[in-house]
Visitor: 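This structure is in structure tokens; I'll ask about it shortly.
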Amino acid sequence: LVGVKFGTGGAQAKTWASNAYLPGVVCEHFRTSRIVALSTGNVYGMTAVAGSGSSESDPLAPGGEYAMSALGRERVFEHFSRTLGIPLALIRLNYATELRYGVLVDLATKVYGGEPVSLEMGYFNTIWQADANELILRSLEHTKAPPAIFNVTGPKQLGVRELAQRLGELLGKEVQFTGSESAAAFLSDSRHATERFGSPGTSLD
């Protein structure tokens with residue numbers, strides 16, 4: 001868990017130091033260990049909603065300083081994996097959720113509070129945090145040099161509009177929307193991880 005994600009606005013230098021410098025220090029210190037390093041699906045950039053999401057072999061096109069520094073983190077881990085022979089796995093996690101945080105919590109909070117729900121990022125993937133944790137720990141058995149890469153997220157593409165409406169029904173609230181869905185979103189294809197580890201155990205419901 002080397003890096004920083006939240007509160008990066010106005011702290012770009014710290015973000016790069018944490019995400020792209022510190023991994024090298026970790027690799028040099030733990031050069032005899034297996035390493036599973038957390039990354040993000042944001043390194044792909046947005047992909048067409050009509051497709052199946054970004055796969056591990058797709059070109060990377062990070063947008064913004066956080067995503068670029070996350071790719072820097074990956075490249076530093078990859079460098080030390082190749083040069084020092086460190087068995088490593090990179091986990092491109094997209095939107096873990098549980099009862100305190102995550103996209104589902106954000107949507108439910110807005111619906112319950114009567115706030116408009118933006119549709120500008122109209123689609124996403126999510127995975128229950130405990131399922132993500134299980135897969136991340138199990139990936140220690142699948143590290144290699146150069147690194148193995150796994151997209152970790154839920155198997156389905158989810159629509160913000162449909163989920164917000166369902167939450168409105170459950171909460172007894174009328175849902176308000178702003179904007180409209182675009183043709184692209186941050187979406188990941190998790191089939192490679194599913195083939196290796198099986199489907200996540202927790203359903204969307």
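As the structure is a computational prediction, the values presented were derived from the model and not from experiment. The figures here come from the full heavy-atom set of this structure, side chains too, leaving out hydrogens, waters and symmetry mates.
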Visitor: Determine the minimum heavy-atom distance between Ala20 and Gly72, stating which atoms define it.
Guide: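 Where Ala20 meets Gly72 most closely, the heavy atoms are CB-C, 4.1 Å.
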
Visitor: What's the spacing between Glu174 CD and Gln165 CD if we round to 0.5 Å?
Guide: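 So the CD of Glu174 and the CD of Gln165 are separated by 11.0 Å.
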
Visitor: In terms of hydrophobic clustering (I, L, V, M, F, W, Y; side-chain heavy atoms under 4.5 Å; direct or indirect links), are Ile149 and Ile136 co-clustered?
Guide: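 No, separate clusters.
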
Visitor: Would you say the side-chain atoms of Ser69 and Asn19 include a donor-acceptor pair closer than 3.5 Å?
Guide: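 The answer is yes; a qualifying pair exists.
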
Visitor: Can you measure from OG1 (Thr32) to CG (Leu84) and round to the nearest 0.5 angstrom?
Guide: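 Atom-to-atom, Thr32:OG1 and Leu84:CG are 10.5 Å apart.
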
Visitor: Do you know the tightest heavy-atom contact between Val175 and Gly168?
Guide: CG2-CA, 3.8 Å

Visitor: For the side chain of Ser81 and the backbone of Phe77, is there at least one donor-acceptor N/O pair under 3.5 Å apart?
Guide: no

Visitor: So which heavy atom on Ala185 is nearest to which on Tyr123, and how close?
Guide: CB-O, 3.6 Å

Visitor: Given the rule that I, L, V, M, F, W and Y join up when any side-chain heavy atoms are under 4.5 Å apart, are Leu171 and Leu163 in one cluster?
Guide: yes

Visitor: Is the shortest heavy-atom distance from the side chain of Ser139 to the side chain of Ile91 under 4.5 Å?
Guide: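 Yes, close enough: below the 4.5 Å cut-off.
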
Visitor: Report yes if the side chains of Val117 and Thr178 come closer than 4.5 Å at any heavy-atom pair, otherwise no.
Guide: no

Visitor: Phe150: which residues meet the ring-ring contact (aromatic ring centres under 6.0 Å, His included) condition with it, sequence neighbours left out?
Guide: His192, Phe197

Visitor: Is a donor on one side and an acceptor on the other found under 3.5 Å between the side chain of Thr97 and the backbone of Tyr101?
Guide: yes

Visitor: Check Arg196 against His142 and note the closest heavy-atom contact, atom names and distance.
Guide: NH1-ND1, 3.1 Å

Visitor: Taking it one step at a time, do Ile86 and Glu28 satisfy side chain to side chain contact (heavy atoms under 4.5 Å, CB included)?
Guide: CA-CA 10 Å; Ile86 299 172; Glu28 290 184 326; over 6 Å; no

Visitor: Indicate, with yes or no, if Met46 and Leu60 share a hydrophobic cluster defined by side-chain heavy-atom contacts under 4.5 Å among Ile, Leu, Val, Met, Phe, Trp and Tyr.
Guide: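 No, no single cluster joins them.
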
Visitor: Quick one: do Val36 and Phe30 end up in the same hydrophobic cluster if we chain Ile, Leu, Val, Met, Phe, Trp and Tyr together by side-chain heavy atoms under 4.5 Å apart?
Guide: no

Visitor: Can you list the steps and then say if Tyr95 with Thr153 is a side chain to side chain contact (heavy atoms under 4.5 Å, CB included)?
Guide: CA-CA 7 Å; Tyr95 306 138; Thr153 192; 5.5 Å; no

Visitor: Is any side-chain heavy atom of Ser39 less than 4.5 Å from a side-chain heavy atom of Glu74?
Guide: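 Side chain of Ser39 against side chain of Glu74, heavy atoms only: contact under 4.5 Å found.
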
Visitor: Do the side chains of Pro155 and Ser199 get nearer than 4.5 Å, heavy atoms only?
Guide: no

Visitor: Determine, for Arg161 against Glu181, whether the closest basic-nitrogen to carboxylate-oxygen distance falls under 4.0 angstrom.
Guide: yes

Visitor: Do Ser188 and Asn94 get their side chains close enough for a donor-acceptor pair, meaning under 3.5 Å?
Guide: yes

Visitor: Any side-chain to backbone donor/acceptor pair from Arg34 onto Leu140? Under 3.5 Å, distance only.
Guide: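 Flag set: sc Arg34 to bb Leu140 pair under 3.5 Å.
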
Visitor: Look at the side-chain heavy atoms of Ile, Leu, Val, Met, Phe, Trp and Tyr, link any pair under 4.5 Å apart, and say whether Tyr21 and Leu71 land in one connected group.
Guide: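 Cluster IDs for Tyr21 and Leu71 differ.
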
Visitor: Do side-chain atoms of Asn151 reach the backbone of Ser54 as a donor and acceptor pair under 3.5 angstrom?
Guide: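 Yes, because the side chain of Asn151 sits within donor-acceptor range (under 3.5 Å) of the backbone of Ser54.
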
Visitor: Side chain of Ser33, backbone of Ile35: donor and acceptor closer than 3.5 Å?
Guide: no

Visitor: Should we count NZ of Lys110 as having more than 12 external heavy atoms under 6.0 Å?
Guide: no

Visitor: Using a distance-only test with no angle check, is there a side-chain donor-acceptor pair under 3.5 angstrom linking Asp131 and Thr202?
Guide: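 Yes, side-chain donor-acceptor contact under 3.5 Å.
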
Visitor: Applying side chain to side chain contact (heavy atoms under 4.5 Å, CB included), run through Leu22 and Val76 and close with a yes or a no.
Guide: CA-CA 9 Å; Leu22 192 55; Val76 171; over 6 Å; no

Visitor: Between Trp16 and Arg73, is any pair of side-chain heavy atoms under 4.5 Å apart?
Guide: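 The answer is no; the side chains never approach within 4.5 Å.
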
Visitor: Could you go through the side-chain hydrogen bond (donor to acceptor under 3.5 Å, both in side chains) check for Trp128 and Glu98 one step at a time?
Guide: CA-CA 6 Å; Trp128 183 241; Glu98 53 116 277; over 6 Å; no

Visitor: Below 4.0 angstrom, N of the basic side chain to O of the carboxylate: do Arg191 and Glu195 qualify?
Guide: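 Here Arg191 does not pair with Glu195 in a salt bridge, since their nearest N and O are not under 4.0 Å apart.
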
Visitor: Compare every heavy atom of Leu135 with every heavy atom of Ala193, then report the nearest pair and how far apart it is.
Guide: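 Nearest heavy atoms, Ala193 then Leu135: CB-CD1, 4.2 Å.
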
Visitor: What's the spacing between Asn133 CG and Ile127 CD1 if we round to 0.5 Å?
Guide: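 Separation between the atoms: 9.0 Å.
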
Visitor: Please step through side chain to side chain contact (heavy atoms under 4.5 Å, CB included) for the pair Val160 and Met121, ending with a clear verdict.
Guide: CA-CA 8 Å; Val160 170; Met121 187 62 66; 6.0 Å; no

Visitor: CG/Leu90 to CZ/Arg75 distance, rounded to the nearest 0.5 angstrom?
Guide: 9.5 Å

Visitor: If you define the side chain from C-beta out and look only at heavy atoms, does anything of Tyr112 sit under 4.5 Å from Lys173?
Guide: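 Of all side-chain heavy-atom pairs linking Lys173 with Tyr112, at least one is under 4.5 Å.
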
Visitor: Do you know which two heavy atoms are closest between Gly114 and Gln176, and how far apart they sit?
Guide: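 That closest heavy-atom pairing would be O-NE2, 3.2 Å.
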
Visitor: Would you indicate whether Glu141, at its atom CD, is surrounded by more than 12 heavy atoms from other residues, nucleotides or ligands within a distance under 6.0 Å?
Guide: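 Result for CD/Glu141: open.
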
Visitor: Does the side chain of Asn125 come within less than 4.5 Å of Lys156's, by heavy atoms?
Guide: no

Visitor: My understanding is that only residues two or more places apart in sequence, or in another chain, count here; which of them pass salt bridge (Lys or Arg N to Asp or Glu O under 4.0 Å) with Glu169?
Guide: Arg166

Visitor: Under the 3.5 angstrom rule, does the side chain of Gln157 hit a backbone N or O of Leu187 as a donor-acceptor pair?
Guide: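 Pair absent, no side-chain N/O of Gln157 close to backbone of Leu187.
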
Visitor: Listed by chain and number, what are the side-chain hydrogen bond (donor to acceptor under 3.5 Å, both in side chains) partners of Asp58, not counting sequence neighbours?
Guide: Ser55

